[in-house]
Student: 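Would you mind keeping the following structure in view while I ask a few things?
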Amino acid sequence: MKEIRLGTVGSDRTVQHILDKVKETPGIKLEAIYSKDAGKGHELAAAYGCNKVYTDMDWFLGDEEINTLYFAASAHPDYEQVKDALLDGRNVILENSPCISPVQTKELLETAEESHLFLVMQYEGQDLVSLNANIECESA
């Protein structure tokens with residue numbers, strides 16, 4: 001991969017912190033932003049020199065220019081979204097995803113490994129190796 005073309009999901013301060021680092025790092029480009037709030041999405045895009053803002057997740061995930069997806073802590077992607085992204089040849093970074101079970105986590109890691117992709121998962125207050133069946137999905 002010559003360049004990481006990042007698509008972000010979310011527009012909170014964590015995303016802004018990540019994008020501050022992206023601006024400073026050669027080889028990484030902000031390709032697109034997904035936000036449920038179009039105004040916030042366009043604000044973020046303007047601040048970081050991005051021309052693509054999506055409010056429809058299917059359109060965002062269909063953008064073939066994105067080769068790495070970053071889901072902010074507030075995004076809560078589901079298992080199928082993450083697996084589809086990996087099967088579509090995209091790297092995935094999950095800031096926090098309580099709705100993905102330990103069994104699903106193992107399957108996603110295996111999918112990433114088989115596809116020679118990276119899957120980075122950060123669970124607030126937990127190491128990946130300590131995940132257990134007590135993790136529950138938050139209700140919307």
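Both backbone and side-chain heavy atoms feed into the values below; hydrogens, waters and symmetry mates do not.
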Student: Verify side chain to side chain contact (heavy atoms under 4.5 Å, CB included) between K52 and F60, making sure each step is shown before the conclusion.
Tutor: CA-CA 9 Å; K52 296 182 203 173; F60 172 76; over 6 Å; no

Student: Counting heavy atoms not belonging to K36, are there more than 12 under 6.0 Å from its NZ?
Tutor: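 Counting neighbours around NZ of K36, 12 or fewer heavy atoms of other residues, nucleotides or ligands fall under 6.0 Å, so no.
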
Student: Would you sort out whether C50 and L30 count as a side chain to side chain contact (heavy atoms under 4.5 Å, CB included), showing the intermediate values?
Tutor: CA-CA 6 Å; C50 179; L30 176 59; 3.7 Å; yes

Student: Check whether any side-chain heavy atom of L6 lies under 4.5 Å from a side-chain heavy atom of L19, and answer yes or no.
Tutor: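 Yes, at least one pair of side-chain atoms sits under 4.5 Å.
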
Student: Hey, does the side chain of R5 reach the backbone of E65 with a donor-acceptor pair shorter than 3.5 angstrom?
Tutor: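 Checked: pair present.
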
Student: Does Y34 use its side chain to pair, donor to acceptor, with the backbone of W59 at less than 3.5 Å?
Tutor: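 Not confirmed, Y34 side chain does not pair with W59 backbone.
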
Student: For the side chain of D88 and the backbone of R90, is there at least one donor-acceptor N/O pair under 3.5 Å apart?
Tutor: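 No, the answer is negative, given that no donor and acceptor are paired below the 3.5 Å cut-off.
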
Student: Just verifying a value: how many Å separate N91 CG and I66 CD1, rounded to the nearest 0.5 Å?
Tutor: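 Between N91 CG and I66 CD1, I get 12.5 Å after rounding to 0.5 Å.
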
Student: Is the number of heavy atoms from other residues, nucleotides or ligands within 6.0 Å of CD (E110) greater than 12?
Tutor: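 Counting neighbours around CD of E110, more than 12 heavy atoms of other residues, nucleotides or ligands fall under 6.0 Å, so yes.
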
Student: Looking at side-chain heavy atoms only, is the closest gap between D84 and L61 below 4.5 Å?
Tutor: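 Of all side-chain heavy-atom pairs linking L61 with D84, none is under 4.5 Å.
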
Student: How far does CD1 of I33 sit from OH of Y70, to the nearest 0.5 angstrom?
Tutor: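 OH of Y70 is found 12.5 Å from CD1 of I33.
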
Student: Quick one: closest heavy-atom pair of L86 and S115, and the distance?
Tutor: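 Smallest interatomic distance, heavy atoms only, reads O-OG, 4.3 Å.
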
Student: For T111 and V82, run side chain to side chain contact (heavy atoms under 4.5 Å, CB included): C-alpha distance rounded to whole Å, both residues' side-chain angles, the deciding distance at 0.1 Å, then the answer.
Tutor: CA-CA 10 Å; T111 300; V82 176; over 6 Å; no

Student: Y54 and D63: side chain to side chain contact (heavy atoms under 4.5 Å, CB included), yes or no, with the steps?
Tutor: CA-CA 10 Å; Y54 294 96; D63 185 334; 2.8 Å; yes

